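Here's the structure, in structure tokens; my notes come after.
Just so it is clear, the structure is predicted and the values come from calculations on it, not from any experiment. Order of the sequence lines sets the chain letters (A, B, ...), proteins ahead of strands, with each chain counted from 1.
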Amino acid sequence: MEETKRSRDFIREIIDSDLASGKHKEIVTRFPPEPNGYLHIGHAKSICTNFGIAKEFNGKCNLRFDDTNPVKEETEFVEAIKEDVEWLGFKWNSLRFASDYFDRMYSFAEQLINMGFAYVCDLSPEDTRTYRGSLTKHGKNSPYRNRSVEENLDLLRRMKNGEFPEGSRTLRAKIDMASPTMSLRDPAMYRILHRSHHRTGDKWCIYPMYDFAHCLEDSIEEITHSLCTLEFEVNRPLYNWYLEILNIFRSRQIEFARLNLSYTVMSKRLLRKLVEESLVNGWDDPRMPTLSGLRRRGVPPVAIRNFCSTIGLAKRNSIVDIALLEHCIREELNKTAPRVMSVLNPVKLVIENYPEDKTEYFDYVVNPEDESAGTRPTPFTRELYIEKDDFMEDPPKKFFRMGPGREVRLRYAYLVTCTGVIKDEEGNITEIRCTYDPETTGGNAPGGRRVKGTLHWVSAAHSSPVEVRLYDRLFNKENPMDTEEGVDFTSSLNPDSLCTIANCMVENHMKDKEPGFICQFERKGYFCIDPDSSSEKMVFNRTITLRDSWAKMKAKKKQ
RNA sequence: UGGGGCGUCGUCAAAUGGCAAGACACAGGGUUUUGGUCCCUGCAUUUGGAGGUUCGAAUCCUCCCGCCCCAGCCA
């Protein structure tokens, strides 16, 4: 079982009791994205909830595109969304489109007219707003509210056929202009849109509004529990009104709090702005909270699923600490990612007493957390690369790495002692010199000798330069939206969220790996091969660093 | 100031009248050929506030305070 067991949330409790009471024999849910953008991790919460619940209760979950607004929707997004849902690890029972129900919705509208519950209104958008009143003031009835059934039917038909310009008329539900619930003040059911739709083409000149359409979609599919986010709570009376008046299958709408994550933004509008203003490199930029971004970053879908089950389901607005997501990513990758040695910031290390023409192969543990991953041979020669950071000319006491005269372990190879450095004219270290102890094969310290530091390394002759993109949180601020008057959320963009470094050295056997391959660079973090890689130049994305208590200690001292 | 929701640890989140779970974060310690992982310890005498009911209240009642959503022919 990958997902951690947790106590039952309020939605599962409702379902438990609906099953126990016999209200439903089978649970049917749906994930209903509008195909007008890319899915993000907030959607993942909804996907995991809807598909997860269906699975747990042996029910069904449909993937349904809520494509009722041709102005904003495109086929491109349909395909991207399907890919993301599958990647996250879910299978839909049935693939649906709201547009498949347009004919049925139209006849429901006619039915409402016949029942005296709907009318065609000629008020302009501005007048409609005025007539609606305000939060504290009642609305007034539209002068068109009492047209005859015949006239309404005729007008609606002509609206559908494109006889009237956009904005000139709407079909409205006749409910109560004095209702304290705004959504009940004669809400629009259809608006005129002379737009061609990505699936129905030019068949329709009118398109249904969300409130009218969504409950019908749910009812048609016999969705038992229609799960949505909190902002739809005020629409629920209307949702129920349509189903009751029409006397069709009663889906039950239940609202839960949407996911907010610290140090990022989650609204489609803001993410779009980042893309359009080139503040990131597209929707799948690995810094984006989009599923395509996370995928490219190297985040495994199971980490996202575990995250979603850890954060819980409730009705209170909250901002989840991104550290929790990071934890879930590390937790999964630690168990599964093969280890490799890569030197991000290389400096040459020459072993003075090691033969020039010798190559030894040491057993390298592929994943200490997974014995079945086994070992592989890794080549060792006289000239190696190590991290510049792993050497200090004048190291402090707690620095366990290399310094003049100090002995350290080269992982799985030998213990070496630094004998000196070579510098260029400007005083930069160009080479570190050392000697090795032949008695320490495999890095084993004989007789109780204490060697605290272990360094990773690559053989100069068996490694190649690659590009590495180091990613960090997109924003510096916990809540980027919490800005002063007139200050844009982009002001807290983290300038160091992407740091590209060239000429990192990785072991040559990595050349066989495909984009998407995820591994751990020992002591550095988890990395994944980017699709930008070519046979000449590999590109790696850093998914996430390892936890680093040394860096933490250094940072604390600085303060 | 109409209506609908929500307030439990720094962040999520359980507890459904009977001893305030757990996770993350944080702090300290141990193990370690990754300063990783793992292990141990600590971290809410108190649930937005004030009253009340009760042997007993986060939970029930009353009043108050704070935050979110609704005035698209968006979803």
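Between the side chains of A/Y364 and A/E507, no donor N or O sits under 3.5 Å from an acceptor N or O.
Here the C1' atom of nucleotide B/rA75 and the CG atom of A/L227 are 17 Å apart, to the nearest Å. Rounded to an integer number of Å, the gap from CD1 of A/I544 to C1' of B/rC24 is 13 Å. Rounded to an integer number of Å, the gap from CG of A/N317 to C1' of B/rG4 is 13 Å. The distance between atom CE of A/M182 and atom P of B/rU1, rounded to the nearest whole Å, is 17 Å. Separating the CD atom of A/E387 from the C1' atom of B/rG35 is a distance of 14 Å, rounded to the nearest angstrom. The OH atom of A/Y210 sits 17 Å away from the C1' atom of B/rC73 (whole-angstrom rounding). A/D211 has its CG atom 14 Å from the C1' atom of B/rC69, to the nearest Å.
Here the side chain of A/N69 is nearest to one of B/rC69, B/rC74, B/rU34, namely B/rC74. Here the side chain of A/P180 is nearest to one of B/rG36, B/rG35, B/rG3, namely B/rG3. Of the listed nucleotides (B/rG3, B/rA71, B/rG36), B/rG36 has the atom at the smallest distance from the side chain of A/L546. Minimum atom distance to the side chain of A/A314 is reached by B/rA13, of the listed B/rG2, B/rA13, B/rU16. Here the nucleotide nearest the side chain of A/T170, chosen from B/rC73, B/rG2, B/rG35, is B/rC73. Nearest to the side-chain atoms of A/K315 among the listed nucleotides B/rC70, B/rU34, B/rG5 stands B/rG5. Closest to the A/S318 side chain, of the nucleotides B/rG72, B/rC12, B/rA23, is B/rC12.
Ring orientation note: the planes of A/F102 and A/Y207 are nearly perpendicular, at an angle over 60° on the 30°/60° scale. Ring geometry for A/Y190 versus A/Y106: interplanar angle over 60°, hence perpendicular rather than tilted (30 to 60°).
Taking side-chain N and O atoms only, A/T68 has a distance below 4.0 Å to OP1 or OP2 of B/rA75. Residue A/R316 places no side-chain N or O under 4.0 Å from the OP1 or OP2 atom of B/rG5. In this structure, A/T128 does not reach the B/rG72 phosphate: none of its side-chain N or O atoms is under 4.0 Å from OP1 or OP2. Look at A/R339 and you won't find any side-chain N or O under 4.0 angstrom from OP1 or OP2 of B/rG36. Between A/R258 and B/rC6 there is no side-chain N or O to OP1 or OP2 distance below 4.0 Å. Taking side-chain N and O atoms only, A/R236 has no distance below 4.0 Å to OP1 or OP2 of B/rC70. Within the 4.0 Å cut-off from OP1 or OP2 of B/rC74, at least one side-chain nitrogen or oxygen of A/R191 is found. At the phosphate of B/rC26, OP1 or OP2 sits under 4.0 Å from a side-chain N or O atom of A/K552. The phosphate of B/rG35 has OP1 or OP2 within less than 4.0 Å of a side-chain N or O from A/R523. Remark: A/R129 is in phosphate contact with B/rG72, judged by side-chain N or O atoms under 4.0 Å from OP1 or OP2. Of the side-chain N and O atoms in A/H456, none sit less than 4.0 angstrom from OP1 or OP2 of B/rU34.
Base orientation at B/rG72 is syn, since its O4'-C1' glycosidic dihedral falls within 90° of 0.
Each of A/R147, A/R145, A/R172 was scored for a salt bridge (charged side-chain N to carboxylate O under 4.0 Å, His left out) with A/D122, with one residue passing: A/R147.
No hydrogens or angles were tested; on distance alone, a donor-acceptor pair under 3.5 Å links the side chain of A/E369 to the base of B/rG36. In the interface, the side chain of A/R401 is paired with the base of B/rG35 through a donor and an acceptor atom under 3.5 Å apart.
Two residues, A/T181 and A/S124, neighbour RNA chain B, and the one matched to the more 5' nucleotide by heavy-atom proximity is A/T181.
The shortest heavy-atom contact between A/K398 and A/W550 is O-CZ3, 3.7 Å.
As judged by a 4.0 angstrom heavy-atom cut-off over every strand, A/I319 is placed among residues touching the sugar-phosphate backbone only. Residue contacts shown for A/S549 are limited to sugar-phosphate atoms, with no base heavy atom under 4.0 Å away. At the heavy-atom level, A/N444 lies under 4.0 Å from base atoms of the strands shown. The residue A/R132 sits close only to the backbone: its heavy atoms come under 4.0 Å of sugar-phosphate atoms, none of a base.
In RNA chain B, runs of at least 3 stacked Watson-Crick or G-U pairs (N1-N3 plus N6-O4 or O6-N4, or N1-O2 plus O6-N3, all under 3.5 Å) give these stems: B:2-7 with B:65-70, B:10-12 with B:22-24, B:26-30 with B:38-42, B:48-52 with B:60-64.
We find that A/R30 and A/E221 are not joined by a salt bridge, their nearest charged nitrogen and carboxylate oxygen being 4.0 Å or further apart. Of the charged side-chain nitrogens involved, none lies within less than 4.0 Å of a carboxylate oxygen, so that A/E387 and A/R401 do not count as a salt-bridged pair. Between A/R64 and A/D100 there is no salt bridge, since no side-chain N of the basic residue sits under 4.0 Å from a carboxylate O of the acidic one. A/D16 and A/R8 are joined by a salt bridge, as a carboxylate oxygen and a charged side-chain nitrogen come within less than 4.0 angstrom of each other.
Nucleotides B/rC9 and B/rC63 have their P atoms positioned 25 Å apart, rounded to a whole Å.
Remark: A/T454 engages A/R409 in a side-chain hydrogen bond (donor to acceptor under 3.5 Å, both in side chains) (not counting sequence neighbours).
Stacking is found between A/W550 and the pyrimidine-like six-membered ring of the B/rG35 base under the 5.5 Å centre-distance and 30° plane-angle cut-offs.
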